[in-house]
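Atoms within a ligand are numbered from 1 in the order they appear, just like the ligands themselves.
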Amino acid sequence: MPPRVRFAPSPTGYLHVGGARTALFNWLYARRHGGAFILRIEDTDVERSSTDMVTAIFNSMKWLGLDWDEGPDVGGPHGPYFQTERLDKYRAAGFALVASGHAYRCFCKPEDLKAERSAAEAAGRTWNYDRRCQRRSAAEVAAKVAAGEPSAIRFLVPPGITAFDDLVHGRIEFDNANIEDFVVIRSDDYPTYHLSVVVDDVDMQVSDVVRGDDHISNTPKQVLLYHAMHAAVPRFAHVPLIMGPDKKRLSKRHGATSVGEYEAQGYLPEAMVNFLALLGWSPGGDQEIFSREELIQRFDLEGISGGNAVFNPEKLDWFNQQHIMRMSAAEILGRLRSAGLMNVGLEIGELQIEKVIDLLKPRSKKLADFVPQMRPFLSDDLVFDEAAVKKHLSDPAVPGLRKALASALRTVEPWTAAALEETLRAVAAAHGVKAGVLIHATRVAVTGQGNSPGLFEVLELVGRDRVIRRLELC
Ligand code: GLU
């Protein structure tokens, strides 16, 4: 049977890189094996969830190219895919657990239990719910329900050991003695995460649960629920957490953490996908650059490592640059345009712009890096770097040299980098200065900047008229 996997974000924040990596692993696994990738929105924490975040999560997933086969917008046979639209199912499941003796009504007030827990913990004792409501007689419970007393539903944890075979971590066992009778339906009738996630995973026929390591401690409770519901337990793969370069859990302190921020900074989704795929997963071998198709062909859960993965922003930049290098200039131009980054414009032909992009590719880590570098080719309104002007244009000999070069360039044929280089070197020699002096001065005069790709390629693409005009402007 092809796998059925899901990504189940809570819309309480933007799509975090950790969540995106979880979504990607699920998506790759589904695509690799011809399975289904389900998107389910876990919005039962109504206070903290928002529709803006739902939209932001959808947008980030679309940007990464993680399309879902079942879920919001596309529908599917097991919908609805928002948990707040499935509350009846959780309540029915809660009552069914009570009916089958796997759970009981608890009339204790949450604030009283909280106070008991705090007092015990302050005294250095651990505190577990003592099952006082489980000992109530059926008649007592019925009377309280009839009187309209609010109650939660608690799962009755049986004695024994709960174990599961994790695809990443191997066999994991928990002694049920350490698992408290946990609430599955709160007194406000909302389900807790454990119940809703299991009801949905059963209903949606999820075969493999691939999610963050932080859910390992939740898994025994969920396994107990599967058993109580007589449902098949899925396979679990708990993916190691993502750490910052300081080996602490990735957080705002380390810089951008949401996928949307990386999109806004001009990263390519291809690079982000490649980078995220290798955070905690390895196909073996030395290859690092993978297209989406290659990742699909290579991905498997066996390649996920148990150790924590380190998010290194410099490595992401490197991936981005590598993907930029592999992309055609026409493609990059299209991306720049759709990102709204192409709003400076002299009339230069499309082919010419593509040549400029090819020239700038090796010097551009992000899409946004192209923009200032393209300026001298696309605009006469240069931005001058003061330090470069001071360093390379202030010598009293420079204006004469600029004029001499301008006049020599009028007749250079053909207007190619090689011919331009020959001419510039000849002018420098005729004036008894080192070629470097004139090269630097010309670069600043023509681009405004102290750094650029090879000067002669730049001059070729800026074009004869503009180069001469900029050299003469002194
Ligand atoms: N909504 C949960 C979360 O965002 C999903 C956990 C799970 O995958 O089971 O952490």
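- Counting heavy atoms from C-beta outward, Pro245 and His254 have side chains that approach closer than 4.5 Å.
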Practice item. Quick one: do Ser291 and His323 satisfy side-chain hydrogen bond (donor to acceptor under 3.5 Å, both in side chains)? Show the steps, please. Key: CA-CA 9 Å; Ser291 68; His323 281 273; over 6 Å; no

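- Protein heavy atom nearest atom 8 (O) of ligand 1, with residue, atom name and distance: Arg6 NH1, 2.7 Å.
- Checked by atom type and distance alone, the side chain of Asp166 never pairs as donor or acceptor with a backbone atom of Arg171 at under 3.5 Å.
- Taking the side chain as every heavy atom from C-beta outward, Arg363 and Gln373 approach each other to under 4.5 Å.
- In this structure, the protein non-hydrogen atom closest to atom 10 (O) of ligand 1 is His215 NE2, 2.9 Å.
- Those atoms of ligand 1 with a heavy atom of Arg211 less than 4.0 angstrom away are 7 (C), 8 (O), 9 (O).
- Distances between N or O atoms of Ala8 and those of ligand 1 include at least one value under 3.5 Å.
- Listed by number with element, the atoms of ligand 1 under 4.0 Å from a non-hydrogen atom of Val197 are 9 (O).
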Check your understanding: Can His238 and Asp214 be said to form a side-chain hydrogen bond (donor to acceptor under 3.5 Å, both in side chains), step by step?
Key -> CA-CA 8 Å; His238 285 96; Asp214 46 339; over 6 Å; no

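- Each of the following atoms of ligand 1 lies closer than 4.0 Å to a heavy atom of Ser10: 1 (N), 2 (C), 3 (C), 4 (O).
- Heavy-atom distances between Tyr193 and ligand 1 reach below 4.0 Å in at least one pair.
- In this structure, the side chains of Tyr90 and Asp200 come closer than 4.5 Å at one or more pairs of heavy atoms.
- At the top of the distance list for atom 1 (N) of ligand 1, counting protein heavy atoms only, stands Glu42 OE1, 2.6 Å.
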